*Asks:* 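I have a structure I would like to understand better, so I am pasting it below and will then ask my questions one at a time.
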Amino acid sequence: MRLFDTLTRTERELRPIDSATFRFYCCGPTVYGPAHIGNFRTFVLQDVLRRTLETGGTRTLHVRNITDVDDKTIRDAQKAGQSLTEFTAGWTAKFHADCEKLGLLEPHIEPSAVAHIPQQIAMIEALIAKGHAYPSDDGSVYFKISSFPGYGKLSHLDKRELDLGKTQNTRANSDEYAKDSVSDFVLWKARRPEDGANFWSSPWGDGRPGWHLECSAMIQEYLGDSFDLHSGGVDLVFPHHENEIAQSTCACGGRFAAHWFHITHLLVDGGKMSKSLGNLYTLSDLEGRGFTPMEVRYVLIGGHYRKQLNFTLDSLHAAREALAKLAKSARNLATKTGSEFTLDSAAFGPFQTAWDSLNHDLNTPAALGGLFTGLRNASQLSGKDAAAALAGFNRLLRALGLTLPEENDRATEIPDSIRALAESRWQARLAKNWAQSDQIRAELATQGWLVKDTRDNYTLTPSP
RNA sequence: GGCGGAGUAGCCAAGUGGUAAGGCAAUGGUUUGCAAAACCGUCAUGCGUGGGUUCAAUUCCCACCUCCGCCUCCA
């Protein structure tokens, strides 16, 4: 498949460099609270990338870390009166539960930063030995940007700009005095009183690793010096990924990531999500409003990953209808396959266009469109052709990670009072007492239930 | 200020140098006691504004307007 690469700013073919396995790394969540749907846009798109590769027959090795030590985790663990381990374990579990609901494949390896402190210390030692890093008087260690000419290549910031941009910001931060240059970033942070019990010993004294270094060390551990792809949200391009490149290439000497895949941020109601605006949604928030995780996933893949996607609650309603329509069309197609289930795994039939879209810079919205047009075209088919089309449809669904709602998915317990009301309405209707029948239907509607008549029965569903 | 992205129907959103996918909503018909559901239709002479190149531009070029993101630990 072809995918845009942030570093070269071109679309390039994705191929495993070393072996038959496509090895890639995704920057995972910092576990200090529930992930929001913006976070999940990134993880869902990474999941679709992996699924598309696998559907195309490529084996993958997917590494995604858990950031379980940084300023925020330490601060909030203490606020919660928990140990760091206890605190981050809780949010990690929540993250995993959300991932499963959203249909995300588990990474093959999910390393945590805290579990790789020795590797991080070793990498700092290597950097110091090679003259790329220096300890400061307070026991912190910094990366020396001037020792790495390639710095700024990924984010296309030149060095002069980097320095200028910083000068204003650093004055306010008294911790910065120990740096040689304002651009230098921290590899090891010396222990501070507010860190409490959260510190590790190192050759430079007690402290903890810098955030950027965590990823570099875990990548080195599981993917080595050179691997196929590195991914994260756009906000990580600078400084996080820029710093990773600097650390890793200087310490390890490899080429690091062959390809950079960045997912653009999700907007909510046309702007940035923020708690103060009240538009920061977690998966649980949306479930609380009656939406399913699959509906959320559908919305998240409804825009191209390189464009900002505007998330609204209305889009979730649209997703619900769209998924129901897909499910119904698929069921109709299934009834036409007859007994000939010759599942041709190589062909996509009417869904070839959708598959091509996915392989052309992961165009998920075009692929979703292709799902509908494909189904429309497939509705003319029967027997073997229908079976082949259905197989193609299902492969595409797998690549997108979508599961369609079952017919009775939304059926919920109907309270006795509602059931009794509906029954009395049915009786009124049989007696052709339309006025009373309509009145009861309105009453049911105000109580949140929708009644639908069929030839000789009726159904009750919760109103959307 | 620097870097980057975007402006396509009521909303969301693809796409292309040759005349605009798809979804939601809306709406017409069939059906229904009336609805709902279902099925069959309709729904941008137009792609921010003004120029230019071209046989032809929404798609390329220039200018302008507007919006959004990033600029040290936020996916």
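Side-chain atoms are counted along with the backbone in the values below, which use heavy atoms only and exclude waters and symmetry mates. Throughout, protein chains are lettered first and strands after them, A, B, ... in sequence-line order, and every chain is numbered starting at 1. Because the structure is a prediction, the values reported are computed rather than measured.
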*Asks:* Going by an N to O cut-off under 4.0 Å, is there a salt bridge joining A/E106 and A/R64?
*Replies:*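 Salt bridge flag = no for A/R64 with A/E106.
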
*Asks:* For nucleotides 5-7 of chain B, tabulate all protein N/O to nucleotide N/O atom pairs closer than 3.5 Å, reporting atom names and distance.
*Replies:*
none

*Asks:* Determine whether the aromatic ring centres of residues A/F256 and A/F227 are separated by less than 6.0 angstrom.
*Replies:* yes

*Asks:* What's the CZ-C1' distance between A/R75 and B/C73, to the nearest Å?
*Replies:*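 Interatomic distance, CZ of A/R75 to C1' of B/C73: 12 Å.
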
*Asks:* With heavy atoms under 4.0 Å as the rule, sort A/S315 into base, sugar-phosphate or nothing.
*Replies:* nothing

*Asks:* Between A/K452 and B/U32, does any side-chain N or O lie under 4.0 Å from OP1 or OP2?
*Replies:* no

*Asks:* Please tell me if A/N310 has a side-chain N or O lying less than 4.0 Å from either OP1 or OP2 of B/C12.
*Replies:*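 Checking A/N310 against B/C12: at least one side-chain N or O falls below 4.0 Å of OP1 or OP2.
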
*Asks:* So what does A/V299 hit on the nucleic acid, given a heavy-atom distance under 4.0 Å: a base, only sugar-phosphate, or nothing?
*Replies:* nothing

*Asks:* Could one point to a donor on the side chain of A/R441 or the base of B/A35 with an acceptor on the other under 3.5 Å away?
*Replies:* yes

*Asks:* Less than 4.0 angstrom from a charged side-chain N to a carboxylate O is my criterion; do A/D70 and A/R208 meet it?
*Replies:*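 The answer is no: the pair does not qualify as a salt bridge.
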
*Asks:* Flag this pair as yes if the NZ/CZ of A/R306 is under 6.0 angstrom from the six-membered ring centre of A/F4 and inside a 45 degree cone about the axis; otherwise no.
*Replies:*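 Pair A/R306/A/F4 counts as cation-pi.
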
*Asks:* Does the pair A/D47/A/R51 count as a salt bridge with the N-to-O cut at 4.0 Å?
*Replies:*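 Salt bridge: yes.
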
*Asks:* For A/G303, which contact category applies under a 4.0 Å heavy-atom criterion: base, sugar-phosphate, or nothing?
*Replies:* sugar-phosphate

*Asks:* Is a donor on one side and an acceptor on the other found under 3.5 Å between the side chain of A/T60 and the backbone of A/H62?
*Replies:*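 No; zero donor-acceptor contacts below 3.5 Å.
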
*Asks:* Main chain of A/A35, side chain of A/T282: is a donor-acceptor contact present, judged purely on distance under 3.5 Å?
*Replies:* no

*Asks:* Pick base, sugar-phosphate or nothing for A/R425, based on heavy-atom distances below 4.0 Å to the nucleic acid.
*Replies:* base

*Asks:* Quick one: A/L267 CG to B/C11 P, roughly how many Å, whole number?
*Replies:*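 In whole Å, B/C11 P and A/L267 CG are 16 Å from each other.
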
*Asks:* Counting any heavy atom closer than 4.0 Å, what does A/A322 reach on the DNA or RNA strands: base, sugar-phosphate only, or nothing?
*Replies:*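 Sugar-phosphate, backbone atoms only, no base.
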
*Asks:* For the CZ atom of A/F185 and the CG atom of A/L187, what is their distance to the nearest 0.5 Å?
*Replies:*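 Rounded to the nearest 0.5 Å, the CZ-CG separation comes out at 5.5 Å.
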
*Asks:* Quick one: does NZ or CZ of A/R50 land under 6.0 Å from the six-membered ring centre of A/F24, within 45 degrees of the ring axis?
*Replies:*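 Pair A/R50/A/F24 does not count as cation-pi.
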
*Asks:* Under 4.0 angstrom, heavy atoms only, what part of the nucleic acid is A/H265 near: base, sugar-phosphate, or nothing?
*Replies:* base

*Asks:* Name all stems that contain residues of RNA chain B, defined as runs of 3 or more consecutive Watson-Crick or G-U wobble pairs, both distances under 3.5 Å.
*Replies:* B:1-7 with B:65-71, B:10-12 with B:22-24, B:26-30 with B:38-42, B:48-52 with B:60-64

*Asks:* Can you tell me, in whole Å, how much space there is between the C1' of B/C60 and that of B/C73?
*Replies:* 42 Å

*Asks:* Any carboxylate oxygen within less than 4.0 angstrom of a Lys/Arg side-chain nitrogen, looking at A/D71 and A/R192?
*Replies:* yes

*Asks:* With C1' as the reference atom in both, quote the distance from B/G33 to B/G10 in angstrom, rounded to an integer.
*Replies:* 34 Å

*Asks:* Distance criterion of 3.5 Å, no angle test: do you see the side chain of A/D438 paired donor-to-acceptor with the base of B/G33?
*Replies:*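 Such a pair is found, so the answer is yes.
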
*Asks:* Mind listing the residues from residues 90-100 of chain A sitting with a heavy atom below 4.0 Å of RNA chain B? Number order is fine.
*Replies:*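 Correct list: empty, so none.
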
